[in-house]
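Below is one structure, written out as C-alpha cells, with a few remarks after it.
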Amino acid sequence: MATKMSVVQQATQEIETRISKGEWQVGQRLPSQHELAKMLQLSRASLRETLSHLESRGLLSIKPGKGVYVTARAPTEPKQWRFENYSLAEVLAMRQQLESFAAAHAAVNAVAEDITLLETSINEAYQAAKRGDLLMVKLCDLDFHAQIIRIAGNRLLQEIIKLIRQPYEQSKTPPHGSFADMEPTLEEHKRIFLAIKMGEPHLARTAMEQHLQNAALRANIHLSGPI
C-alpha cells in the first residue's frame with residue numbers, strides 16, 4: 001500500500017508533467033480541488049500538501065476563494081534569499097529551535113506507523129539520491145521534516161510552520177551534485193530517525209540541532225549553539 005508520502009510525491013510529479021506538456025497552461029485555473037482529488041486519487045489533506053509544495057516551488061498560485069492557477073511551466077528554485085523582513089540566518093536559527101523541539105516530542109509520541117513512514121522517507125531518499133533524482137530527494141526531505149512536526153503533536157507548532165511556510169521551505173538547501181554530496185544530509189536524517197525510533201528525546205533533539213547547524217554551514221551561515 002502506498003504511503004501518504006509516496007502518494008504526494010506521485011501527485012506532485014503528475015501535476016508537473018501535465019503542466020510541462022502544456023495540458024495546463026500558464027495563467028490557467030486548475031480544476032476544483034474536489035475534481036483534482038478525484039483525478040489524482042488523493043485525500044483532500046494530501047492534495048492540499050501537494051498544492052502547497054508546488055506553490056512554494058513557483059509552479060502554482062493558490063488564491064483563496066478563486067482557485068489554483070498555473071504560474072510557470074517548470075519549477076523554479078530561487079537562487080537568492082527573497083524575503084526582506086528577515087534573513088536566512090534568522091529563519092535557520094528559528095528552525096533549529098522549533099524542529100529540535102519537534103524531534104524531542106516525536107521521540108516520545110511516535111507509534112509504529114509513524115516509524116514506518118519516517119523509515120520509508122529515508123529509504124526512498126537514499127534510492128533517489130543514488131539514481132540522481134533530485135526532485136524526489138527534495139520531496140523526501142520535505143516529507144521527513146513535515147512528518148516529525150506532525151508526530152510531535154503540537155498544534156501551535158504546526159500553525160507556526162504554516163505561517164512561515166515559504167521562508168521555511170526556501171531555507172532548505174536544495175539537493176545537488178552526486179550521491180556523495182547528498183550522503184551527509186541523508187546520514188543526519190538517519191541519526192534523527194534512529195533517536196526517534198529508540199524513544200530517546202534528548203538524542204533526537206541533539207541530532208536535529210546538529211543537522212540544522214550543518215544545514216546552515218552548507219549555506220555558509222554559522223549559527224550560535226542552541227540556547
Side-chain angles (χ1 to χ4, degrees), residues 2-86 88 91-92 94-95 98-99 117 120-121 124-125 128-129 132-150 157-176 215 219:
T3 67
K4 179 182 176 184
M5 177 195 66
S6 64
V7 166
V8 170
Q9 290 170 342
Q10 291 167 15
T12 298
Q13 293 179 328
E14 173 69 15
I15 293 173
E16 286 190 4
T17 299
R18 287 173 181 254
I19 292 172
S20 67
K21 288 183 176 179
E23 183 175 336
W24 292 328
Q25 298 287 334
V26 173
Q28 181 180 346
R29 186 174 68 178
L30 297 190
S32 70
Q33 292 197 26
H34 174 75
E35 292 173 297
L36 280 174
K38 186 176 180 180
M39 179 189 307
L40 300 169
Q41 298 184 322
L42 291 176
S43 68
R44 294 296 291 272
S46 292
L47 177 63
R48 285 194 295 270
E49 185 177 341
T50 300
L51 296 178
S52 294
H53 174 62
L54 288 169
E55 182 181 41
S56 74
R57 301 185 67 227
L59 265 176
L60 302 178
S61 174
I62 302 172
K63 300 180 179 180
K66 295 184 178 181
V68 181
Y69 291 81
V70 179
T71 54
R73 288 197 63 178
T76 57
E77 298 293 349
K79 295 182 180 179
Q80 60 183 11
W81 188 247
R82 57 188 175 88
F83 298 95
E84 297 179 355
N85 294 333
Y86 25 75
L88 175 57
V91 176
L92 286 168
M94 182 57 69
R95 279 189 60 196
L98 295 175
E99 293 198 58
L117 287 171
T120 299
S121 179
E124 292 195 0
D133 187 343
L134 300 186
L135 171 60
M136 185 64 76
V137 175
K138 182 176 178 67
L139 290 173
C140 290
D141 177 83
L142 290 168
D143 181 80
F144 179 76
H145 287 270
Q147 291 288 356
I148 290 173
I149 290 166
R150 177 189 63 77
L157 173 63
Q158 293 168 2
E159 289 300 314
I160 291 171
I161 295 297
K162 287 180 184 178
L163 287 172
I164 62 170
R165 175 182 290 275
Q166 288 188 330
Y168 172 84
E169 290 195 354
Q170 198 193 331
S171 72
K172 293 176 178 290
T173 304
H176 63 281

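Residues Leu42 and Leu36 form no side-chain contact, since every pair of their non-hydrogen atoms from C-beta on lies 4.5 Å or further apart. Under the 4.5 Å side-chain criterion, counting only non-hydrogen atoms from C-beta, Ile15 is in contact with Leu40. A heavy-atom distance below 4.5 Å is found between the side chains of Gln33 and Leu51. Residues Glu99 and Ile148 have side chains not in contact (no heavy-atom distance under 4.5 Å, counting atoms from C-beta outward).
Residue Lys38 holds its NZ atom at 14.5 Å from CG of Leu47, rounded to the nearest 0.5 Å. Remark: Gln10 CD to Gln13 CD distance equals 7.5 Å, nearest 0.5 Å. Of the inter-residue distances, the one linking Leu60 atom CG with Ile19 atom CD1 reads 5.0 Å to the nearest 0.5 angstrom. Leu157 contributes atom CG, which lies 13.0 Å from atom CZ of Arg150 (distance to the nearest 0.5 angstrom).
Side-chain atoms of Gln25 come within 3.5 Å of backbone N or O of Gly22 as a donor-acceptor pair.
With sequence neighbours excluded, no residue satisfies salt bridge (charged side-chain N to carboxylate O under 4.0 Å, His left out) with Arg29.
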Should Ile160 and Met94 be marked as a side chain to side chain contact (heavy atoms under 4.5 Å, CB included) after you check the CA-CA gap, both sets of side-chain angles, and the distance that decides it? CA-CA 11 Å; Ile160 291 171; Met94 182 57 69; 6.0 Å; no
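Taking every heavy atom of both residues into account, Ser121 and Cys140 meet most closely at OG-O, 3.1 Å. Pairing each heavy atom of Tyr69 with each of Gly27, the nearest pair is CD2-O, 3.6 Å. When every heavy atom of Glu16 is checked against every heavy atom of Leu59, the shortest pair comes out as CG-CD1, 3.4 Å.
Residue-environment remark: CE (Met39) exceeds the threshold of 12 foreign heavy atoms within 6.0 Å. With a 6.0 Å radius and a threshold of 12 heavy atoms from other residues, nucleotides or ligands, Gln41 has its CD atom at or below the threshold.
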